[in-house]
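Along the sequence shown, residues are numbered consecutively beginning with 1. Atoms considered below: every heavy atom in the structure, side chains included; atoms not considered: hydrogens, waters and symmetry mates. The structure displayed is predicted, hence computed values, not measured ones.
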Amino acid sequence: MLVALGAAAGAALASAPETSLRPVARPDSVGAPPPVPAAPQSAARPIARESAPENSRQAPRTGGPQRDGQGNRPSPSCQSDPRDETLQTAEAPRRVEQPRGGLFSSLRPLLRPLGIGREAQKRKEARARGMVCNDPAIQGEEIGRVPGRISGCGIQDAVKVRSIDGVALSQHALMDCRTASAIKTWIGSGMKPAVGSYGGGVAQLRVVAHYACRTRNNQRGGEISEHGKGRAIDIAGFQLRDGRTITVLTDWNKGQKGQVLRQMHRSACGPFGTVLGPNSDRFHADHFHFDTARHRGGSYCR
């Protein structure tokens, strides 16, 4: 038995291959990330160097790394070739800073054309020259004291107004500044919202009465009207920018124009102390009467 086993072992050793059956190590490219394509030569061009003479290549470096206290040189892995840094610098893509948007960018152009600035300045100066009541939106001229022909009439500090908040008056109206300011408030908060874009908006107020030294409704023996104190204005209609008109007499109860007039009338109750229209009495069937009289119970609106 032992002889047979020995013979078998000898035969196996004789037939064994000369090389190992273990798999050969995989090449480095297997399992590694794909190589990054080289940048075009136009983007990264190595810096040319002059070739050194043969004898200078063998010369020892005088500025080489210093030895440490034990006489050992630094590890080669810690040293870097300055030529590699030059190539990296040349090949590195440049980072372009993009301007930040949102809150960091202004919606207004940095430089405005000089012509626009000059025109705006001219308009500002023109408005300042025609400003009354210390308000650029109220354009006219200062008149001063206006005496009355009867007791109770007159205006202490009168102004003659030609336009308010960009809306012209069909005739220049005498009044005091409190009344002019009330008209401005009503135009901005009542009249303009009521009209909206209809007809392009209001271009002009048709004024039929302002200062007049008289009694109320011209009745003999009556009290002095607010018109006689420079505190009232009567408006009969509105000229729109597209040429159409809205009048109290003909449009009070008619469709869209009637709705606009009624909204105007309601919005005047507040800025003015007295608001009268077609539903108040026969004297105001064709116009709105607005004045700045003060009443104990607040505004009187009919």
Side-chain angles (χ1 to χ4, degrees), residues 107 120 123-124 126-127 130-140 159-173 175-210 226-227 230-281 284-295 297-302:
L107 297 179
R123 289 194 297 268
K124 183 177 180 180
R127 293 184 67 187
M131 176 179 65
V132 295
C133 301
N134 200 30
D135 189 341
I138 305 175
Q139 294 289 295
V159 292
K160 183 177 286 187
V161 180
R162 63 174 178 268
S163 71
I164 299 177
D165 199 13
V167 179
L169 276 59
S170 62
Q171 57 175 303
H172 296 184
M175 63 188 73
D176 62 13
C177 282
R178 186 157 65 95
T179 303
S181 296
I183 297 173
K184 174 193 170 185
T185 300
W186 169 72
I187 286 176
S189 63
M191 186 202 76
K192 287 184 176 180
V195 176
S197 60
Y198 181 71
V202 176
Q204 186 184 76
L205 304 180
R206 183 185 170 196
V207 178
V208 293
H210 46 99
E226 295 300 316
H227 285 281
R231 301 175 186 171
I233 188 170
D234 289 351
I235 301 173
F238 306 86
Q239 180 75 39
L240 304 182
R241 297 190 183 278
D242 66 356
R244 287 181 286 179
T245 60
I246 302 176
T247 62
V248 177
L249 180 63
T250 61
D251 297 320
W252 177 251
N253 291 313
K254 291 183 180 179
Q256 183 177 0
K257 291 183 177 181
Q259 294 177 5
V260 170
L261 287 171
R262 290 177 181 275
Q263 187 174 342
M264 288 182 183
H265 182 271
R266 286 193 301 269
S267 64
C269 192
F272 297 101
T274 307
V275 177
L276 302 175
N279 291 344
S280 61
D281 54 42
H284 300 91
D286 62 351
H287 68 274
F288 292 151
H289 168 90
F290 300 151
D291 70 48
T292 53
R294 295 177 178 177
H295 306 286
S299 297
Y300 178 85
C301 306
R302 295 290 185 273

Taking the side chain as every heavy atom from C-beta outward, state whether [X] and [Y] have any atom pair closer than 4.5 Å.
| X | Y | result |
| --- | --- | --- |
| Thr274 | His295 | yes |
| Lys192 | Val167 | yes |
| Asn279 | Arg302 | no |
| Val207 | Ile233 | yes |
| Ile164 | Gln139 | no |
| Leu276 | Phe288 | no |
| Leu205 | Met191 | yes |
| Ile235 | Phe290 | yes |

Give me the atom names and distance for the closest heavy-atom approach of [X] to [Y].
| X | Y | value |
| --- | --- | --- |
| Asp291 | Ala232 | CB-CB, 3.6 Å |
| Pro271 | Ala182 | O-CB, 3.6 Å |
| Gly270 | Ser299 | N-OG, 3.7 Å |
| Val132 | Gly140 | CG1-C, 3.5 Å |
| Asp135 | Lys184 | OD2-NZ, 2.7 Å |
| Ala293 | Glu226 | CB-CD, 3.6 Å |

Quick one: pull up [atom1] in [X] and [atom2] in [Y] and give me the separation to the nearest 0.5 Å.
| X | Y | atom1 | atom2 | value |
| --- | --- | --- | --- | --- |
| Phe238 | Thr247 | CZ | OG1 | 10.0 Å |
| Arg162 | His172 | CZ | NE2 | 6.5 Å |
| Met264 | Gln259 | CE | CD | 12.5 Å |
| Cys301 | His265 | SG | NE2 | 7.0 Å |
| Met175 | Ser181 | CE | OG | 10.0 Å |
| Lys257 | Thr245 | NZ | OG1 | 5.5 Å |

* Is the number of heavy atoms from other residues, nucleotides or ligands under 6.0 Å of Arg262 CZ greater than 12? ->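 Yes, enclosed.
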Given Val195 and Leu240, is the side chain to side chain contact (heavy atoms under 4.5 Å, CB included) satisfied, shown in steps? CA-CA 9 Å; Val195 176; Leu240 304 182; 4.3 Å; yes
Check your understanding: Got a salt bridge between Arg244 and Asp242, using NZ or NE/NH1/NH2 to carboxylate O under 4.0 Å?
Key ->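 Between Asp242 and Arg244 there is a salt bridge, with a charged N closer than 4.0 Å to a carboxylate O.
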So that I know where these two stand, are His227 and His289 an aromatic pair - ring centroids less than 6.0 Å apart?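 Yes, ring centres under 6.0 Å apart.
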Could you check whether Arg241 makes a cation-pi contact with Tyr198, meaning its NZ or CZ is under 6.0 Å from the centre of the six-membered ring and within 45° of the ring axis?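 No; the conditions do not both hold, so Arg241 does not lie above the ring face of Tyr198.
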